[in-house]
Chemist: 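Take this structure first; my questions come after.
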There are 2 protein chains.
Amino acid sequence: MSEDSFRSTCPISSCLDLYGDKWTLLVVRDLLYHGSRTFKDFLESDEHISSARLAERLKKLERLEALTKENHPTNKKVFIYKLTQKGKDLAPAIVELIAWGNKYLVEHVSEESKAFAKNLELNKEGVLKELMK
Amino acid sequence: MSEDSFRSTCPISSCLDLYGDKWTLLVVRDLLYHGSRTFKDFLESDEHISSARLAERLKKLERLEALTKENHPTNKKVFIYKLTQKGKDLAPAIVELIAWGNKYLVEHVSEESKAFAKNLELNKEGVLKELMK
DNA sequence: ATTTTCACTTTCAATTTGGAATCAAAAATA
DNA sequence: TATTTTTGATTCCAAATTGAAAGTGAAAAT
């Protein structure tokens, strides 16, 4: 499952080699929505990733250069994670998952998400620009 | 990992509950590119899915109504798999993975895929319409 | 000085995977 | 008609991955 053993030369397959699991894109999602996050912030998201899995995914995304890890300005034990351009460029794919989910999982998705998806329908470019800025 | 145990009400997380693995979207990919496929066709794709895993994924996608399974018109032991609208509607997300892969995995992706991604850049609507028809 | 917080790491049972072998029915071939 | 091959799976199992809980060590808060 490491990034240097792609199954084929297909870009879809290769993206799945990198991001095809249940957690990696949720880390990216949190950073798209919030700009920056700490380890604790990620742990507190609704899906409750285990700290072992979170540490693994953060390491992988850092190695892929999809995110960066910086020191907190005043607190020495806290680190700030942020997306790089490479990470931000996953936004278009993620946003299409939101659209699909909003269309086919209506009765299951939160009202907040529905409102977000509605904005997306009306102004995809604008929403994307805001997410990726 | 079943579709009736979502981790949260987030549409991204829920899509990953359904499609967040290394194989499911490759089955969808094959159907987007080829329109219809048999069990054997899927097995022969470059990534070489095992027949156990393929059977599992096909069952899941059928249960989700992302694809249908029909009898072959003349050969009783062959089945024809096709995407439903629900399955075709995954195309926009998949296509954005192609764009990402083409941008960040240049030296790894096939020339054929690069040509496809170039068309996508020039005419996303047209390419999508063709894929989803 | 002590307790709490934060960012991990360790451990390990349970789940999921990949790969090979096997199966039954239908089709093709001899 | 008999037998071989093809197709679409299923079975088996070792290896890899996951989830959950507990532990660690350093820094911050009390």
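Every value quoted in this text rests on a predicted model; they were computed, and no experiment measured them. Below, chain A is the first sequence line, B the second, and so on; all start at residue 1. Hydrogens, waters and symmetry mates play no part in the numbers below; they use all other heavy atoms, side chains included.
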Chemist: Do NZ/NE/NH1/NH2 and the carboxylate oxygens of A/E130 and A/K133 come within less than 4.0 Å?
Modeler: yes
Chemist: Measure from the side chain of A/K59, starting at C-beta and using heavy atoms only, and say which of C/dC8, D/dT18, C/dT9 lies closest.
Modeler: C/dT9
Chemist: Rounding to an integer number of Å, can you tell me how far B/K22 NZ sits from C/dT17 C1'?
Modeler: 11 Å
Chemist: Does A/Y81 have A/K69 sitting over its ring (NZ/CZ under 6.0 Å from centre, angle to axis within 45°)?
Modeler: no
Chemist: Compare side-chain N and O positions of B/K69 against OP1 and OP2 of D/dA9 and report whether any pair is under 4.0 Å apart.
Modeler: yes
Chemist: Which whole-number value in Å describes the distance from B/F39 CZ to C/dC23 P?
Modeler: 17 Å
Chemist: Nearest to the side chain of A/R57, which nucleotide is it out of C/dA7, C/dT17, D/dT18?
Modeler: D/dT18
Chemist: Once you round it to whole Å, what is the distance between P of D/dG19 and CG of B/L16?
Modeler: 12 Å
Chemist: Is a donor on one side and an acceptor on the other found under 3.5 Å between the side chain of A/K82 and the backbone of A/S36?
Modeler: no
Chemist: Taking Watson-Crick and G-U wobble pairs with both distances under 3.5 Å, convert DNA chain D into its dot-bracket string, 5' to 3', dots for unpaired and | for cross-strand pairs.
Modeler: ||||||||||||||||||||||||||||||
Chemist: Is B/V28 reachable from B/L43 through a run of hydrophobic residues whose side-chain heavy atoms are each under 4.5 Å from the next?
Modeler: yes
Chemist: Do B/H108 and A/F6 have their ring centres less than 6.0 Å from each other?
Modeler: yes
Chemist: Would you kindly give the CG-to-P distance between B/L54 and C/dA20, to the nearest whole Å?
Modeler: 16 Å
Chemist: Starting at CG of B/D21 and ending at P of C/dT16, how long is that distance when rounded to a whole Å?
Modeler: 11 Å
Chemist: In chain order, what residues pass the ring-ring contact (aromatic ring centres under 6.0 Å, His included) check against B/Y104, with sequence neighbours excluded?
Modeler: B/W100
Chemist: At their closest point, which heavy atom of A/R7 faces which heavy atom of A/S13, and how far apart are they?
Modeler: NH2-O, 3.5 Å
Chemist: How far does OG1 of A/T24 sit from CG of A/L16, to the nearest 0.5 angstrom?
Modeler: 11.0 Å
Chemist: Among B/D21, B/L25, B/L26, B/L67, find the one that has a side chain to side chain contact (heavy atoms under 4.5 Å, CB included) with B/R57.
Modeler: B/D21
Chemist: Using a cut-off of strictly less than 4.0 Å between a heavy atom of the residue and any atom of DNA chain D, enumerate the qualifying residues of residues 23-38 of chain B by number.
Modeler: B/T38
Chemist: Salt bridge or not for A/R29 and A/E47, using N-O below 4.0 Å?
Modeler: yes
Chemist: Can you tell whether the side chains of B/E56 and B/R53 come within less than 4.0 Å, N to carboxylate O?
Modeler: yes
Chemist: Closest nucleotide of DNA chain C for A/R53 versus for A/F79: which of these residues is on the 5' side?
Modeler: A/F79
Chemist: Distances under 3.5 Å between protein N/O atoms and the N/O atoms of nucleotides 26-30 of chain C, please, pair by pair.
Modeler:
from, atom 1, to, atom 2, distance (Å)
C/dA26, N3, B/K77, NZ, 3.4
C/dA27, OP1, B/K76, N, 2.9

Chemist: List in numerical order all residues of residues 40-52 of chain A for which some heavy atom is under 4.0 Å away from an atom belonging to DNA chain D.
Modeler: A/S50, A/S51, A/A52
Chemist: B/E56 CD to D/dC12 C1': how many Å, rounded?
Modeler: 14 Å
Chemist: Apply side chain to side chain contact (heavy atoms under 4.5 Å, CB included) to B/S113 and list each qualifying residue two or more places apart in sequence or on a separate chain.
Modeler: A/P11, B/V109, B/S110
Chemist: Indicate the atoms forming the closest heavy-atom contact of B/S45 with B/D30, along with that distance.
Modeler: OG-OD2, 2.6 Å
Chemist: Looking only at atom types and distance, does a side-chain atom of B/N102 sit under 3.5 Å from a main-chain N or O of B/A99, one as donor and one as acceptor?
Modeler: no
